[in-house]
Amino acid sequence: MATRLRGVVGFFGFIAIWQALASLGVVNSFLLPSPLVVAGAVIDLTVDGSLGRHVLASLERVFVGFLVAAAIGILLGLVTGWSRSTSDVLKPIVEALRPIPPIAWTPIAILWFGVGNAPSYFLVFIGAVFPVFVNTFTAVRGIDRSQINAALCLGAGPSLLLRDVLIPASLPIIFPGLRIGLGIGWMCVVAAELIAAESGLGYMIQQNRVLLQTPNVVAGMVTIGVIGFGMSALMGLFERRVIGWSQSTR
Amino acid sequence: MTAPGNGLQLKIEGVSKRYFVRRGQPPIQALERIDLTVRTGEFVSLLGPSGCGKSTLLNIVAGFQQPSEGRVLHNGEPIMRPDRRRTVVFQDYALFPWMTVQQNVEFGLKAQGMDPGSRAVIARDFIARVHLSGFEDRYPHEISGGMKQRASIARALVPNPDVVLMDEPFGALDAQTRVLLQEEVARLSADTGKTVVFVTHSIEEAVFLADRVVVMTTRPGRIRSQVEVKLPRPRVPEMRYDAWFIQTVQQLWQSLKPDWQERSDSDAKARH
């Protein structure tokens with residue numbers, strides 16, 4: 001409880017200092033509008049429906065890209081974690097692609113997919129797939145050998161072994177990978193929309209910068225922050241429900 | 001009580017196992033030409049200091065590892081891989097922490113494709129036989145080490161295997177729990193008549209439980225001697241005070257002492 005209270009204190013302290021700096025004229029209110037002005041902008045954008053539209057566009061992109069990344073990352077992680085020969089082939093490729101920041105993929109994504117949803121899907125995928133893959137791989141490699149042996153001597157076939165042993169045993173490590181992947185994916189979608197889209201929060205920020213509407217720019221940034229925070233919290237909630245069994249053993 | 005039958009259950013023929021630890025270095029000889037037979041319904045203890053290869057031998061019998069030389073026959077067929085006719089009780093329990101006690105115990109039946117209703121009934125029966133009734137819906141992390149090992153024993157018995165392989169099952173338990181579980185295993189093995197191969201480094205445990213104690217020496221792991229235990233089964237606590245029991249334990253200790261000493265000396269050297 002005290003933790004939550006301190007969190008609230010910190011948050012409102014931050015807002016208060018920001019407001020004070022703006023009100024006292026310490027910072028140029030054009031470059032950094034005060035929280036009240038930003039709040040007003042959020043309300044205006046909500047009322048005219050544009051904020052909701054952009055939020056939905058961004059959310060749709062992040063979910064499509066993330067779902068594909070999660071599916072492929074988990075699948076590849078399971079296969080390479082289990083089969084040493086597959087990992088010998090795939091690991092060097094993954095390790096060479098992984099250091100390329102998603103932003104660096106943007107130009108080629110536009111070349112390949114043009115402007116619209118597709119480059120965003122692709123960039124979210126690129127951002128999210130590696131943490132999911134790496135965590136799944138690590139999880140499968142780290143599974144207690146005697147649990148696998150126990151399943152085998154009890155007569156488990158490949159599908160039961162996968163479904164009832166490998167996947168559940170890996171989930172406590174796969175989940176943080178998914179959470180990190182979703183977070184990176186959310187950053188990537190905004191970055192992609194700054195350049196390669198005609199809707200979404202990134203596009204909205206970019207448009208308002210051109211129109212010199214700083215309050216709307218910051219309003220967009222605040223919305224991104226709040227949604228990212230919310231997604232992380234939801235994932236955490238989901239995680240605790242699914243892998244509650246592992247909490248007290250950590 | 002089931003007397004050991006005359007049928008041959010396991011036949012270990014000239015089994016050797018070498019491990020290559022590092023390239024360019026000679027391999028470690030974990031087992032050297034082991035010959036051993038286990039009759040149907042017999043309870044055999046593999047006794048030896050740590051590092052004598054007894055767990056390696058058990059893993060080979062389970063089918064988890066292949067021998068470098070030789071072979072192991074189960075009812076006359078060579079063992080190539082693990083299967084449910086030989087289930088294992090592990091020292092670290094190896095329960096599935098994401099499953100309740102009930103789900104863990106049911107696992108072997110689920111693997112056979114049995115419907116949920118029937119397997120629940122069978123599992124509950126075995127949970128009762130290891131005195132865990134009332135803990136069916138607990139997760140492994142919610143119960144004690146002794147209870148985990150009871151659950152693990154039930155899980156190994158449920159698929160009705162020919163052989164139960166126990167790999168130092170009580171090694172991680174406190175002395176009192178250990179004694180209680182020994183008595184439990186004595187009772188269960190007499191009730192079910194299962195063939196049991198039981199790996200331990202406790203002389204008393206080996207003699208108390210087994211029809212035959214197979215004594216192993218350190219690297220390379222070889223069979224040093226075998227002792228028939230003539231005490232009737234089921235074994236009961238009073239037998240620990242039997243003159244023959246006490247004498248046998250002492251004799252085994254005398255004969256094993258040099259090996260144990262050497263082992264702990266080399267362990268100490270390795271640590272420095």
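In what follows, chains are A, B, ... by sequence order, proteins preceding strands, each numbered from 1.
In this structure, Ala94(B) and Ala150(A) approach most closely via the heavy-atom pair O-CB, 4.0 Å. In plain terms, the two heavy atoms of Ala156(B) and Leu154(A) that are nearest each other are CA-CD2, 4.4 Å.
Between chain A and the residues Asp92(B), Val89(B), Leu109(B), the most heavy-atom pairs under 4.5 angstrom are made by Asp92(B). Contact count versus chain B (heavy atoms, under 4.5 Å) is highest, among Ser159(A), Pro168(A), Ala156(A), Gly155(A), for Pro168(A). Highest contact tally toward chain A, considering only Arg81(B), Arg86(B), Arg155(B), is held by Arg155(B) [criterion: heavy-atom pairs under 4.5 Å]. Of the listed residues (Asp144(A), Val165(A), Leu161(A)), the one with the most heavy-atom contacts under 4.5 Å to chain B is Val165(A).
If you measure heavy-atom distances from Asn59(B) to chain A, you find no contacts under 4.5 Å at all. Of the atoms belonging to Leu95(B), it is backbone heavy atoms, and not side-chain ones, that fall under 4.5 Å from chain A.
Considering only heavy atoms from C-beta on, Val88(B) stays 4.5 Å or farther from Asn149(A) through its side chain. Inter-residue side-chain proximity for Ser146(A) and Gln91(B) is flagged as unmet; no heavy-atom pair is nearer than 4.5 Å.
Remark: Thr87(B) OG1 to Leu152(A) CG distance equals 13.0 Å, nearest 0.5 Å.
Side-chain atoms of Trp98(B) come within 3.5 Å of backbone N or O of Asp164(A) as a donor-acceptor pair.
Counted within 6.0 Å of CZ on Arg119(B), heavy atoms from surrounding residues, nucleotides or ligands total more than 12; the atom is thus considered enclosed. Dense packing is recorded around OH of Tyr19(B), with more than 12 heavy atoms of other residues, nucleotides or ligands lying under 6.0 Å away.
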